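Note sheet for the following structure.
Bear in mind the structure is a predicted one, so any value in this text is a computation, not a measurement.
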Amino acid sequence: MEKVVSLAKRRGFVFQSSEIYGGLNGCWDYGPLGVEMLNNLKQAWWRSMTFRDDVEGVDASILMHPKVWEASGHVANFTDPMVDCKQCKSRYRVDVLMDELNTKKKKDVLREMFPGQFDGQQPDEKIVAEFAARIATDETVAQAVRILACPNCGTKGSFTEARQFNLMFKTFVGPVEDSNNVVFLRPETAQGIFVNFLNVQSASRQKLPFGIAQIGKAFRNEINTKNFLFRTREFEQMEMQYFVKPGEEDRFFEYWREERMKWFLELGMKPENLQWHKHEKLAHYAKAAFDIEFKFPFGWGEVEGIHSRTNFDLSQHEQFSGKSLKYFDEQSKEKFVPYVIETSVGASRSFMAFLCASYDEEMVAGADGEAGEVRTVLHLHPKLAPMKAAILPLVNRDGMDDLARNLTKDLQKYFRVFYDDSGAIGRRYRRQDEIGTPYCFTVDSQTLTDQTVTVRERDSMKQERIAMSAVRDYLLERI
RNA sequence: GCGGAAGUAACUCAGUUGGUAGAGUCACAGCCUUCCAAGCUGUUGGUCGCGGGUUCGAGUCCCGUCUUCCGCUCCA
């Protein structure tokens, strides 16, 4: 992990945000190579999503009407009161803590908070119902927390006061910081799609089933950031919401699961580094949910979620906006609120996943077949590689450098390529290996006579000779 | 948020009981060099994370703070 972070910085993939001021917790900047690779990644996703008949794109604004987040449930559900145990330092979400109490413990709490009212034998159902009813307000919950014992160390009354965590970034529209002007930075891009559902549908004349895709930044005020780009407060999502007729959701859920896994594999991910994670505890909007997890150096972590979201979001927006979001099916003459299949992938997270997956330190034999040495290489898929090729004169004389510069200029009309004439050729190859450049074209003395160059392939380090005029097509075929 | 570790050149790291800040790599300018990081010469580059304190004197000792990594917790 540290090696990847170090390489990312050294070669200009990722820098820490505001580094000269000591950095800002969990914020990162993409450097010259990072932005190329991130753009490539986003482009690969965009092409796979929208270069088809049934998906349209949008780019919604980050600031949205505050009611959007009431409708989506984020205002109510995106805040989790938490407590810490002062004794053993473990932390709990208060609602989880309450849910996990057994009936006996609930009875104890009720007895202590309402003396005399729950003495003697009490039916279990009554205890459960009364607990749910009476321990419902912030006030009563806080009281209950004071009585409870920590499930981990058993110490009673060791919890801190419950603290509210609102994971949405708050800001103000206009220069006056008035509570009437509060808006939120979107915590997910999906809502920008839902609120535009009818706009897109009518403008594009799409019929169900069809999808809307969007790439954009989202913000969550996470309690703690973590693991390089994995958990950050500002991140980029690539989301597609696919609208279907109710009853067809399961079929398309399976379809998109397959498609999305295929996407990762086609970009060079190894199957053994990916796995499905099924959500057993579903969110309030979901009917089914699977995550694609990648094996990061720190363990398995989610890079994409594929969720069957029912018609929850559109229905909520109908209710909160008072506008109909129903779709009229010409065939069956039915009017209904479509169901939604969501594919939501983290651009930053998958960037990191591809970086980690491609990082390798290989032992290669020395020139004389003796002591081996370490070769650091990023086995990035050519589509993702920030530099598509390097053009190198073997030595800087006899006009080899001029030929190489001309070739570079030609190729730059089509690709991001790199010219390098400094130091020994081997060193230059290795430098390209380290940033994942898939091909190196070398101009040597033979080029001067027959206009051919050598192609050196990154992963195999094998070389072949092709005509200089064929270089462009060589790259086009492979990228 | 808790606990542990770390922070010195772009990178990896030295730095003695407190006494003017070092190496290798990289980069740059040359030379050399006809295919896999290892030749030669020269050069640039450091607020020792930041802020206090102790001291004649702090990279070194003390306090605070920030950031990163690891573990816990959390991740509608």
Report yes if the distance between the aromatic ring centroids of [X] and [Y] is under 6.0 Å, otherwise no.
X        : Y        : value
A:Phe15  : A:Trp28  : no
A:Phe197 : A:Phe243 : yes
A:Tyr474 : A:Tyr439 : yes
A:Phe298 : A:Phe228 : no

If we call it a pair only when both distances are under 3.5 Å in a Watson-Crick or G-U wobble match, what pairs with [N]?
N     : answer
B:G39 : B:C31
B:U17 : none
B:U25 : B:A10
B:C2  : B:G71
B:U65 : B:G49

Could you run down nucleotides 23-31 of chain B 5' to 3' and tag each one B, S or - for protein heavy-atom contact under 4.0 Å?
---SS----
Nearest to the side chain of [X], which nucleotide is it out of [options]?
X        : options             : result
A:Arg220 : B:U73, B:A76, B:C35 : B:A76
A:Asn224 : B:C36, B:U34, B:G1  : B:G1
A:Gln463 : B:U33, B:C35, B:A76 : B:C35
A:Tyr429 : B:C69, B:C36, B:U34 : B:C36
A:Val395 : B:U68, B:U73, B:U34 : B:U34

Heavy-atom side-chain proximity of A:Thr310 to A:Glu249 below 4.5 angstrom:
no
Side-chain heavy atoms of A:Thr447 within contact of A:Met400, under 4.5 Å
no
Please give the distance between the [atom1] atoms of [N] and [M] as a whole number of Å.
N     : M     : atom1 : value
B:G49 : B:U43 : C1'   : 28 Å
B:G1  : B:G18 : C1'   : 37 Å
B:U60 : B:C74 : P     : 39 Å
B:G45 : B:G22 : P     : 14 Å
B:U54 : B:G64 : C1'   : 15 Å
B:U65 : B:G3  : P     : 11 Å
B:U68 : B:G57 : C1'   : 32 Å
B:U33 : B:A38 : P     : 16 Å

Once you round it to whole Å, what is the distance between [atom2] of [N] and [atom1] of [X]?
X        : N     : atom1 : atom2 : result
A:Lys226 : B:C2  : NZ    : C1'   : 12 Å
A:Ile20  : B:U68 : CD1   : P     : 16 Å
A:Asp421 : B:C35 : CG    : P     : 18 Å
A:Arg465 : B:C35 : CZ    : C1'   : 10 Å
A:Arg10  : B:U12 : CZ    : P     : 8 Å
A:Met168 : B:A76 : CE    : P     : 14 Å
A:Phe219 : B:A76 : CZ    : P     : 19 Å
A:His74  : B:A76 : NE2   : P     : 10 Å

Using a heavy-atom cut-off of under 4.0 Å over every strand shown, decide if [X] touches base, sugar-phosphate, or nothing.
X        : value
A:Leu448 : nothing
A:Glu19  : nothing
A:Glu188 : base
A:Tyr21  : nothing
A:Asn25  : sugar-phosphate
A:Arg458 : nothing
A:Arg375 : nothing
A:Gly12  : nothing

Could you tell me whether the phosphate oxygens of B:A10, OP1 or OP2, come under 4.0 Å of any side-chain nitrogen or oxygen in A:Lys9?
no
Can you tell me if the side-chain N/O atoms of A:Asn227 get under 4.0 Å from OP1 or OP2 in B:C70?
yes
Walking RNA chain B from its 5' end, the first of A:Met461 and A:His279 to be reached, judged by nearest nucleotide, is A:Met461
Between A:Ser6 and A:Arg11, whichever has its closest RNA chain B nucleotide further toward 5' is A:Ser6
Tell me whether the side-chain N or O atoms of A:Thr454 pair up with the base of B:C35 as donor and acceptor below 3.5 Å, since no angle test is needed here.
yes
May I ask you to check whether over 12 heavy atoms, not counting those of A:Lys42, lie within 6.0 Å of atom NZ?
yes
Quick test of your reading of the model: are A:Arg260 and A:Glu304 salt-bridged, counting only N-O distances below 4.0 Å?
yes
Salt bridge check: are A:Glu36 and A:Arg416 linked by an N-O gap of less than 4.0 Å?
yes
Rounded to the nearest 0.5 angstrom, the CG-CD distance for A:Asn25 and A:Glu222 is 11.0 Å
Look at the rings of A:Tyr242 and A:Phe252 and say which category their plane angle falls in: under 30° parallel, 30 to 60° tilted, over 60° perpendicular.
tilted
